[in-house]
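Heads up, the thing below is written out as structure tokens.
Index from 1, following the sequence. Below, all heavy atoms of this structure are taken into account, side chains as well, without hydrogens, waters or symmetry copies. Small disclaimer: the values here were computed from a predicted structure and weren't measured.
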Amino acid sequence: MTEGEFQEFLITVGYRYNAKSKSGFNTFEGFHTIVGFLTDENRYSFGLSAVPDDIAMLAGKLADFAAENKSFVTKAKYKDKKVLINIRMTIDSEIDKEHLKEVTRFFTGLCKSGSIHPVCGVCSRNRKTGVYIVGSELVPICEKCIVRKRKQYERRRDMFIKKKQNMPAGIAGAVFGAILGASLYILLYQFWPAWGIWAGVIVSCIFGGYVVAGKRATRLSAVICEIIAFLTFLFAEYCAVVINMAIRIEGNGGGIVVTEAIESTNSNIMTFGILNDLVFELILGTAVMAVIGVIYFLKRMFTRPLKISKNLL
């Protein structure tokens with residue numbers, strides 16, 4: 001089913017469509033059922049914020065419905081004061097419409113049953129709610145919660161607007177973090193090499209140094225930090241191997257001779273003695289730093305203030 005077909009279908013079952021959230025909603029006796037069009041996940045999702053008089057009875061109804069319609073229902077459960085049902089998306093629009101009709105009838109029956117009560121999607125209290133777009137998601141929210149959320153949005157928005165990035169200071173902080181991270185990496189390597197996983201310490205120190213000194217992070221700063229982290233990791237890995245070699249030489253009664261350790265390490269690399277292990281550690285360490293970089297991007301994305309629409313009702 002295309003998005004256009006989904007939108008047209010929702011009208012026939014009494015739902016309204018919202019293009020921004022790619023979802024529709026139905027309001028019935030204080031309940032707000034939200035249905036999402038999730039093409040990326042190849043499914044439709046239904047959600048209803050409510051509390052039941054008897055959780056076991058509601059769970060039984062959901063289990064029975066899922067068993068009766070197991071050909072298209074992939075999930076039916078009650079969690080975090082929300083009734084959730086997922087439907088498998090097919091390539092046949094008419095079949096999808098029949099499946100969606102079946103689920104909408106089930107939700108209508110639930111709302112009419114008197115065994116559940118509508119609640120706010122934020123505080124989960126039985127209050128009168130409206131339907132708002134928070135970021136790109138439809139959420140039933142009561143008046144007290146929407147007032148609080150708007151204040152949070154304005155406060156965080158002002159914080160983001162007023163906070164100016166100082167890139168030179170940020171780079172200086174990143175360099176300091178690189179020195180600290182490299183030192184910790186070299187030290188930790190002597191206790192347990194960990195196949196390069198300690199590289200996460202390096203990139204974390206660099207990101208932390210940049211944010212503390214630069215005041216604000218951007219996509220460009222993330223790229224700069226990742227480049228600094230990779231170069232620092234190469235340096236720290238080599239130094240850690242050399243120091244480890246020096247300690248081993250000293251343990252064999254040869255004294256701590258850094259020059260000899262450097263020559264021995266270089267010789268082992270050139271003759272492939274430790275090259276395979278070194279390459280593996282570099283690859284794994286780089287992968288760890290990349291994962292932390294992705295987490296950094298996600299944190300930045302999810303900590304940005306989410307805009308809140310007017311009540312859609």
Side-chain angles (χ1 to χ4, degrees), residues 1 6-7 9-39 41-70 72-89 96-146 149 306 308-309 311-313:
M1 187 185 301
F6 179 68
Q7 181 177 358
F9 165 76
L10 288 181
I11 296 173
T12 66
V13 291
Y15 281 63
R16 291 171 57 184
Y17 183 73
N18 179 265
K20 183 176 180 180
S21 62
K22 285 191 176 182
S23 55
F25 66 95
N26 170 261
T27 298
F28 178 77
E29 296 184 357
F31 292 94
H32 305 297
T33 304
I34 312 295
V35 53
F37 181 69
L38 307 175
T39 51
E41 301 175 30
N42 201 38
R43 66 182 175 89
Y44 306 96
S45 69
F46 280 79
L48 173 66
S49 294
V51 291
D53 292 328
D54 188 333
I55 293 180
M57 183 179 294
L58 176 59
K61 286 184 178 181
L62 290 169
D64 291 342
F65 181 78
E68 293 168 5
N69 301 281
K70 58 183 179 181
F72 61 89
V73 173
T74 59
K75 180 171 73 173
K77 65 179 183 179
Y78 179 72
K79 183 180 180 181
D80 298 329
K81 297 186 179 179
K82 192 172 184 178
V83 181
L84 301 167
I85 294 182
N86 288 342
I87 303 174
R88 185 180 295 107
M89 191 178 288
D96 282 3
K97 289 176 183 178
E98 290 303 316
H99 294 166
L100 289 169
K101 284 180 182 178
E102 191 65 33
V103 180
T104 56
R105 283 194 289 268
F106 176 77
F107 272 90
T108 300
L110 272 183
C111 295
K112 288 181 177 180
S113 68
S115 61
I116 64 172
H117 310 282
V119 296
C120 170
V122 176
C123 67
S124 298
R125 295 180 180 176
N126 189 352
R127 294 171 174 168
K128 182 179 179 181
T129 56
V131 178
Y132 300 84
I133 307 173
V134 181
S136 60
E137 181 182 358
L138 288 182
V139 185
I141 308 177
C142 68
E143 186 175 347
K144 286 187 177 181
C145 286
I146 201 64
K149 274 192 165 293
L306 297 176
I308 303 171
S309 73
N311 190 353
L312 300 182
L313 299 181

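Residues Ile141 and Val134 form a side-chain contact, since some pair of their non-hydrogen atoms from C-beta on lies under 4.5 Å apart. Side chains of Leu62 and Tyr78 form a contact here, defined as non-hydrogen atoms less than 4.5 Å apart.
From Tyr132, atom OH reaches atom SG of Cys142 across 9.0 Å, with rounding to the nearest 0.5 Å. Of the inter-residue distances, the one linking Tyr44 atom OH with Leu100 atom CG reads 5.5 Å to the nearest 0.5 angstrom. Note: Met89 CE to Met1 CE = 8.0 Å, rounded to the nearest 0.5 Å. Atom CZ in Phe65 sits 5.0 Å away from atom CD1 in Ile85 (nearest 0.5 Å). Once rounded to the nearest 0.5 Å, the distance linking OG of Ser115 with NZ of Lys61 reads 3.5 Å. Rounding to the nearest 0.5 Å gives a distance of 7.5 Å between OG1 of Thr27 and CD1 of Ile34.
The two residues Ser49 and Gly121 come nearest to each other via the heavy atoms OG-CA, 3.8 Å. Heavy-atom minimum distance, Cys111 versus Leu48: SG-CD2, 4.0 Å. A pairwise comparison of heavy atoms in Thr104 and Phe46 identifies CG2-CE2, 3.7 Å as the closest pair. When all heavy atoms of Ser23 and Leu138 are compared, the pair lying nearest together is OG-CD1, 3.3 Å. Pairing each heavy atom of Ala56 with each of Asp54, the nearest pair is N-OD1, 3.0 Å. The minimum heavy-atom distance between Ser136 and Ser21, with the atom names listed, is O-CB, 3.1 Å.
A 6.0 Å sphere centred on NZ of Lys81 holds no more than 12 heavy atoms belonging to other residues, nucleotides or ligands. A 6.0 Å sphere centred on CZ of Arg125 holds no more than 12 heavy atoms belonging to other residues, nucleotides or ligands.
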**Prompt:** Do Phe37 and Tyr17 pass the ring pair (Phe, Tyr, Trp, His ring centres under 6.0 Å) test, and can you show the C-alpha distance, the side-chain angles, and the key distance before you say yes or no?
**Reply:** CA-CA 10 Å; Phe37 181 69; Tyr17 183 73; 7.7 Å; no
**Request:** For Asp53 and His117, run side-chain contact (heavy atoms from CB on, under 4.5 Å): C-alpha distance rounded to whole Å, both residues' side-chain angles, the deciding distance at 0.1 Å, then the answer.
**Result:** CA-CA 8 Å; Asp53 292 328; His117 310 282; 2.8 Å; yes
**Asked** Yes or no on side-chain contact (heavy atoms from CB on, under 4.5 Å) for Ile87 and Asn69, after CA distance, side-chain angles and deciding distance?
**Response** CA-CA 10 Å; Ile87 303 174; Asn69 301 281; over 6 Å; no
**Message:** Checking Lys22 against Phe6 for the side-chain contact (heavy atoms from CB on, under 4.5 Å) test, could you report, in this order, the C-alpha distance in whole Å, the side-chain angles of both residues, the deciding distance, and whether it holds?
**Reply:** CA-CA 9 Å; Lys22 285 191 176 182; Phe6 179 68; over 6 Å; no
**Request:** Step by step, work out the side-chain contact (heavy atoms from CB on, under 4.5 Å) result for Asp96 and Phe72.
**Result:** CA-CA 9 Å; Asp96 282 3; Phe72 61 89; over 6 Å; no
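Remark: side-chain polar atoms of Asn126 are not paired, donor with acceptor, to backbone N or O of Val119 under 3.5 angstrom. A donor-acceptor pair under 3.5 Å links the side-chain atoms of Asn26 to the main chain of Gly14, judged by distance alone. For the pair Arg16 (side chain) and Leu312 (backbone), a donor-acceptor distance under 3.5 Å is present. A distance-only check finds a donor-acceptor pair linking the side chain of His32 to the backbone of Thr129 [under 3.5 Å]. A donor-acceptor pair under 3.5 Å is formed between the side chain of Asn311 and the backbone N or O of Leu313.
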